[in-house]
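Lettering follows sequence order; numbering is per chain, from 1. What you are looking at is a predicted structure, and each value in this text was computed from that prediction instead of being measured.
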Amino acid sequence: MTLAGAANKRKKPAIAAAAPRSQDRPGLLLAWYDLHRRRLPWRALPGKAVDPYFVWLSEIMLQQTTVKAVGPYFEKFLARWPDVDAMARASLDDVLRMWAGLGYYSRARNLHACAVAVRRDHGGTFPDTEEGLHALPGIGPYTAAAIAAIAFGRRTMPVDGNIERVVSRLFAVEEALPKAKPRIRELAATLLGPSRSGDVKTRAGRDGKSRAGDGKSRAGDSAQALMDLGATICTPKKPACALCPLSDDCAARLRGDPETFPRKAKKKAGALRRGAAFVVTRGDHLLVRTRPEKGLLGGMTEVPTSVWLAAQDDAAALKQAPSLGSASRWRRKAGTVTHVFTHFPLELTVYTATIPAGARAPKGMRWVPIATLKDEALPNLMRKVIAHGLEQ
DNA sequence: CAGCCGTGGAC
DNA sequence: TGTCCAAGGCT
């Protein structure tokens with residue numbers, strides 16, 4: 001996107017020069033958004049219809065995930081399932097396979113459950129209230145407010161990490177996260193533009209789509225303006241305050257240390273865990289199993305592994321190898337595969353074995369053709385492990 | 001409520 | 001190289 005044109009904020013009536021610049025932040029924000037909004041696959045063109053399905057799908061994918069990473073997945077999902085009903089009729093396994101690589105896999109499970117609920121309980125149309133949305137799987141306070149505002153014009157302000165940062169700077173909120181959340185929510189709501197008549201009462205059209213500028217509030221634009229501002233200008237490090245439409249009014253900038261907001265405690269890193277992974281081939285097939293539905297990488301495909309524990313040595317891990325019969329011999333691959341989860345780093349030693357054609361898979365495991373591995377619900381950790389194990 | 005839950009990119 | 005973090009939700 002272009003950041004040029006931010007010089008527009010300089011044009012103010014000379015008569016107002018001495019006045020505090022705190023008036024009409026919502027207006028400044030929307031004016032900036034009209035000029036500098038990002039063009040994203042899930043956003044309608046200005047003034048065009050917004051499909052709630054697009055908004056929902058993108059919001060779920062964007063939870064703790066970058067715009068760049070989401071882009072291809074959004075397009076893939078849309079091409080395969082053009083509406084909620086289509087996704088509701090898909091199998092959970094298909095959804096997990098399509099989601100593989102994007103992370104936080106409970107989102108995929110909830111995505112499917114939500115589609116099913118919308119189809120079964122809401123006639124295939126998303127609820128158009130914050131409360132109704134919040135009741136659906138995978139839709140928490142933020143996402144409910146975001147969909148309500150963006151897709152249905154409800155006058156509510158979703159507060160995500162971007163908006164927390166922008167608001168905590170604008171008002172120099174000294175209280176640290178997460179205690180400051182309620183206060184930040186209050187302050188964020190002051191950035192909503194005025195409500196318009198017909199605002200909250202208006203129902204979505206029978207096609208389930210709402211239209212910007214049809215008499216509803218611009219709450220969705222206000223929210224997206226703050227998100228775009230946070231993503232492109234009010235960034236975590238080295239914010240580009242000179243380009244910010246709210247800079248004249250920003251308490252943190254006036255203090256001279258905007259990048260120190262929001263206040264928050266450093267999180268401690270988790271302890272390293274170690275384990276072994278077993279890459280077993282039978283001709284052109286690979287031995288895999290499915291992880292339990294709940295927990296880490298829930299419901300995803302993996303090669304058999306030992307448990308992952310701090311201070312586990314190779315000998316202990318190797319004892320947990322699947323039993324393949326006396327004919328097989330384990331070969332330890334040089335090096336290790338490392339992976340960093342949100343709350344702990346992992347180091348896996350990879351062992352390989354080849355077993356004769358016709359050999360059976362141990363209980364709870366199965367053979368899959370190596371050629372079709374790309375279609376499996378394989379998390380990236382397992383793709384790394386398999387690549388390492390099959391190397392040479 | 002704090003811990004759990006992926007991944008890749010920026011600095 | 002290590003650290004932080006990105007449109008959070010669930011328990």
Would you kindly give the [atom1]-to-[atom2] distance between [X] and [N], to the nearest whole Å?
{"X": "A/Asn110", "N": "C/dG9", "atom1": "CG", "atom2": "P", "answer": "11 Å"}
{"X": "A/Ile163", "N": "C/dA6", "atom1": "CD1", "atom2": "C1'", "answer": "14 Å"}
{"X": "A/Gln63", "N": "C/dC5", "atom1": "CD", "atom2": "P", "answer": "19 Å"}
{"X": "A/Met61", "N": "C/dA6", "atom1": "CE", "atom2": "C1'", "answer": "15 Å"}
{"X": "A/Leu177", "N": "C/dC5", "atom1": "CG", "atom2": "P", "answer": "10 Å"}
{"X": "A/Ile147", "N": "C/dG8", "atom1": "CD1", "atom2": "P", "answer": "13 Å"}
{"X": "A/Tyr73", "N": "C/dA6", "atom1": "OH", "atom2": "C1'", "answer": "15 Å"}
{"X": "A/Tyr105", "N": "C/dG9", "atom1": "OH", "atom2": "C1'", "answer": "17 Å"}

With heavy atoms under 4.0 Å as the rule, sort [X] into base, sugar-phosphate or nothing.
{"X": "A/Val340", "answer": "base"}
{"X": "A/Ile60", "answer": "nothing"}
{"X": "A/Trp42", "answer": "base"}
{"X": "A/Gly230", "answer": "nothing"}
{"X": "A/Pro141", "answer": "sugar-phosphate"}
{"X": "A/Leu40", "answer": "base"}
{"X": "A/Leu381", "answer": "sugar-phosphate"}
{"X": "A/Gly101", "answer": "sugar-phosphate"}

Practice task
Could you go through the side-chain contact (heavy atoms from CB on, under 4.5 Å) check for A/Tyr33 and A/Ser222 one step at a time?
Solution key: CA-CA 8 Å; A/Tyr33 186 68; A/Ser222 296; over 6 Å; no

Handout entry: Whole-angstrom distance between B/dG6 and C/dT11, as gauged at atom P
Key =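 About 14 Å, rounded to a whole number of Å.
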
Side-chain N or O of [X] closer than 4.0 Å to phosphate OP1/OP2 of [N]:
{"X": "A/Gln64", "N": "C/dA6", "answer": "no"}
{"X": "A/Arg165", "N": "C/dA6", "answer": "yes"}
{"X": "A/Thr66", "N": "C/dC5", "answer": "no"}

Practice task
Among residues two or more places apart or on two chains, list those pairs meeting ring-ring contact (aromatic ring centres under 6.0 Å, His included) that have a residue in residues 220-279 of chain A.
Solution key: A/Phe278-A/Trp330, A/Phe278-A/Tyr351

Exercise for the section: Just say parallel, tilted or perpendicular for the rings of A/Phe341 and A/Trp308, cut-offs at 30° and 60°. Expected result: parallel

Exercise for the section: Hey, which sits more toward the 5' end of DNA chain B by its nearest nucleotide, A/Lys238 or A/Leu102? Expected result: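 Between the two, 5'-proximity favours A/Leu102.
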
Exercise for the section: Assign each of A/Phe344 and A/Asn380 to its nearest nucleotide of DNA chain B by heavy atoms, then name whichever residue's nucleotide is nearer the 5' end. Expected result: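 Upstream on the strand: A/Phe344.
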
Problem - Partners meeting side chain to side chain donor-acceptor pair (under 3.5 Å) with A/Asn380 (sequence neighbours left out) - result: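 Result, side chain to side chain donor-acceptor pair (under 3.5 Å) vs A/Asn380: none returned.
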
Practice task
Map A/His134 and A/Arg43 onto DNA chain C by nearest heavy atom, then report which one ends up closer to the 5' terminus.
Solution key: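 Counting from the 5' end, the first nearest nucleotide belongs to A/Arg43.
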
Exercise for the section: Nearest-nucleotide wise, let me know which of A/Ser58 and A/Ile139 is further upstream toward the 5' end of DNA chain C. Expected result: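 Nearest nucleotide further toward 5': that of A/Ser58.
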
Practice task
Under 4.0 Å from any heavy atom of chain A: name the first and the last nucleotide of DNA chain B that qualifies, 5' to 3'.
Solution key: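 The protein-touched segment is B/dC4 to B/dG8.
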
Practice task
Measure from the ring center of A/Trp99 to the ring center of A/Tyr73 and say whether it is less than 6.0 Å.
Solution key: no

Exercise for the section: Check for a donor-acceptor pair, side chain of A/Arg107 on one end and backbone N or O of A/Ile60 on the other, with a separation under 3.5 Å. Expected result: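 Yes: the side chain of A/Arg107 pairs with the backbone of A/Ile60.
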
Practice task
Using atom types as modelled and distance alone, determine if a side-chain donor or acceptor of A/Thr235 lies under 3.5 Å from a backbone N or O of A/Thr232.
Solution key: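 No.
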
Practice task
Side-chain contact test, heavy atoms from C-beta onward, threshold under 4.5 Å: evaluate it for A/Met61 versus A/Trp42 and give yes or no.
Solution key: no

Problem - Short side-chain donor-acceptor distance under 3.5 Å, A/Thr260 and A/Arg263 - result: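 Yes, side-chain donor-acceptor contact under 3.5 Å.
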
